[in-house]
Undergrad: 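My questions will all concern the structure given below.
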2 protein chains.
Amino acid sequence: MNEPAIESRFEEYLKRQNLKMTPQRRRIFEKAFEVHEHFSVERMYEWLKAETGPAVSRATVYRTLEVLEKGGFIEAVETGRGEVVYEHVLGHEHHDHMVCRVCGRIEEFQDEEIETLQRKNAEKIGFVMTGHLLRLSGICCDCSASLREEGRFEATLKELGA
Amino acid sequence: MNEPAIESRFEEYLKRQNLKMTPQRRRIFEKAFEVHEHFSVERMYEWLKAETGPAVSRATVYRTLEVLEKGGFIEAVETGRGEVVYEHVLGHEHHDHMVCRVCGRIEEFQDEEIETLQRKNAEKIGFVMTGHLLRLSGICCDCSASLREEGRFEATLKELGA
DNA sequence: GTCAGTGCAAATACTTTGCATGATA
DNA sequence: TATCATGCAAAGTATTTGCACTGAC
């Protein structure tokens with residue numbers, strides 16, 4: 001889906017919810033779909049502050065990201081390093097995450113077989129499943145390479161409790 | 001493994017790390033292995049305050065749970081409802097969690113097949129996997145039943161964004 | 001014109017930390 | 001007796017909220 005099409009969906013959504021389109025909401029929305037990386041509240045705030053345009057306060061970033069999440073436009077991802085980041089959703093298939101414990105890099109992967117097994121487990125236990133979180137953590141390709149070069153790979157593994 | 005055996009492991013661990021056994025640490029440790037439910041920092045603090053024994057401050061609970069986690073005696077579980085709870089580890093096999101979004105209840109399940117698939121995905125992407133988090137969320141058996149009785153099941157599902 | 005949104009600053013919730021005191025090995 | 005641990009209160013950190021004002025529809 002292209003950007004303008006997504007944006008008009010957002011406008012429709014706001015209308016349906018009796019919410020208003022404001023310059024602040026527009027800026028946040030557009031930024032969220034313009035970037036192709038995960039972002040925190042703080043990061044979004046910094047981006048908007050650094051660029052020209054109507055000022056956006058932190059409070060508004062918090063409030064707007066909440067609206068976007070409820071509307072299914074973005075999704076929160078807990079990184080396991082004590083932070084929450086967001087990613088835009090529309091036009092992207094469901095996927096899970098792999099977080100590098102050294103550099104924080106987040107990679108995505110999909111596995112339909114795992115999804116199926118999850119549903120089976122939920123059923124077995126009598127749960128009606130509404131969502132799931134699968135997050136692998138470890139050391140990414142690049143960090144492994146440089147750690148090995150420096151001879152610190154094994155030590156880092158141990159440090160991470162593996 | 002029985003309780004005293006686990007506790008002597010804790011003592012050995014402390015010795016190895018040049019840490020000291022204190023009445024506070026002992027109380028926290030014993031409580032963590034005595035209960036068979038997940039507990040938050042606050043809950044642990046309240047438990048100890050309500051029982052007789054050497055006083056334990058919140059700061060000490062925080063600090064001691066950190067020691068226990070680093071030592072591999074307990075594990076932190078992010079519930080996805082904005083809280084972190086702990087569970088003791090020794091004597092329990094690895095498992096994943098299913099969290100009820102209505103009552104907060106946490107169930108455990110194991111699936112070796114999922115574990116294998118996770119490792120395969122990590123490999124595929126060049127990640128050295130050191131850990132993972134799989135958390136299903138939904139509505140537990142009991143809550144489903146009572147919601148259906150009250151005719152609020154569908155509405156609740158929608159509320160949860162499913 | 002009405003109602004919702006915004007910015008600000010204060011409030012909240014949770015966790016960590018500095019420091020003086022006390023306890024363990 | 002040399003550390004290490006504890007309790008307390010203060011300081012962080014991240015997020016939410018009340019309120020007066022502004023702006024969208």
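Here the structure is a predicted model, which means the values were calculated and not measured. So that the names make sense, note that chain A is the first sequence line, chain B the second, and so on, each numbered from 1.
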Undergrad: Considering every strand and a 4.0 Å limit on heavy-atom distances, what is the contact class for Val56(B): base, sugar-phosphate, or nothing?
TA: sugar-phosphate
Undergrad: Using whole Å, what does the distance between atom P of nucleotide dT6(D) and atom CZ of Arg27(B) come to?
TA: 13 Å
Undergrad: Out of dC25(D), dT17(C), dC8(C), which nucleotide sits closest to the side chain of Lys20(A)?
TA: dC25(D)
Undergrad: Assess whether a salt bridge exists between Arg135(A) and Glu78(B), defined as any Lys/Arg side-chain N lying under 4.0 Å from an Asp/Glu carboxylate O.
TA: yes
Undergrad: Would you say Thr22(B) reaches dC4(D)'s phosphate, i.e. side-chain N/O to OP1/OP2 under 4.0 Å?
TA: no
Undergrad: Within this structure, what is the CD-to-C1' distance between Glu66(B) and dT15(C), rounded to whole angstrom?
TA: 11 Å
Undergrad: Between Lys49(A) (NZ) and dG7(C) (P), how many Å, whole number?
TA: 13 Å
Undergrad: To the nearest Å, give me how far apart OH (Tyr45(B)) and P (dC14(C)) are.
TA: 14 Å
Undergrad: Give the nucleotide from the list dA25(C), dT6(C), dA4(C) with an atom nearest to the side chain of Thr64(A).
TA: dT6(C)
Undergrad: Are any of the side-chain nitrogens in Glu11(B) or Arg26(B) under 4.0 Å away from the carboxylate oxygens of its partner?
TA: yes
Undergrad: CZ of Arg26(B) versus C1' of dT24(C): gap in Å, rounded?
TA: 12 Å
Undergrad: Are any of Gln24(B)'s side-chain N or O atoms less than 4.0 Å away from OP1 or OP2 of dG7(D)?
TA: yes
Undergrad: Both Pro23(A) and Arg58(B) contact DNA chain D. Taking the nearest nucleotide for each, which residue is further toward the 5' end?
TA: Arg58(B)
Undergrad: Between Gly82(B) and Met21(B), which has a closest nucleotide on DNA chain C that is more 5'?
TA: Gly82(B)
Undergrad: Looking at Arg63(A), I'd like to know whether one of its side-chain N or O atoms comes within less than 4.0 Å of OP1 or OP2 on dG5(C).
TA: no
Undergrad: Atom CD of Glu42(A) to atom P of dG12(D): distance rounded to whole Å?
TA: 17 Å
Undergrad: From CG of Asn18(B) over to C1' of dA2(D), roughly how many Å is that when rounded to an integer?
TA: 12 Å
Undergrad: Please report the distance, rounded to the nearest Å, between OH in Tyr86(A) and C1' in dA14(D).
TA: 11 Å
Undergrad: Under 4.0 Å between a side-chain nitrogen and a carboxylate oxygen: does that hold for Lys70(B) and Glu66(B)?
TA: yes
Undergrad: Is the backbone of Leu160(B) close enough, under 3.5 Å, to the side chain of Arg101(B) for a donor and an acceptor to pair up by distance?
TA: yes
Undergrad: Between the side chains of His97(A) and Glu87(A), is a donor N or O closer than 3.5 angstrom to an acceptor N or O?
TA: yes
Undergrad: Any side-chain N or O of Thr60(B) under 4.0 Å from OP1/OP2 of dA5(D)?
TA: no
Undergrad: Do the side-chain N or O atoms of Tyr62(A) get closer than 4.0 angstrom to the phosphate oxygens (OP1, OP2) of dT15(D)?
TA: yes
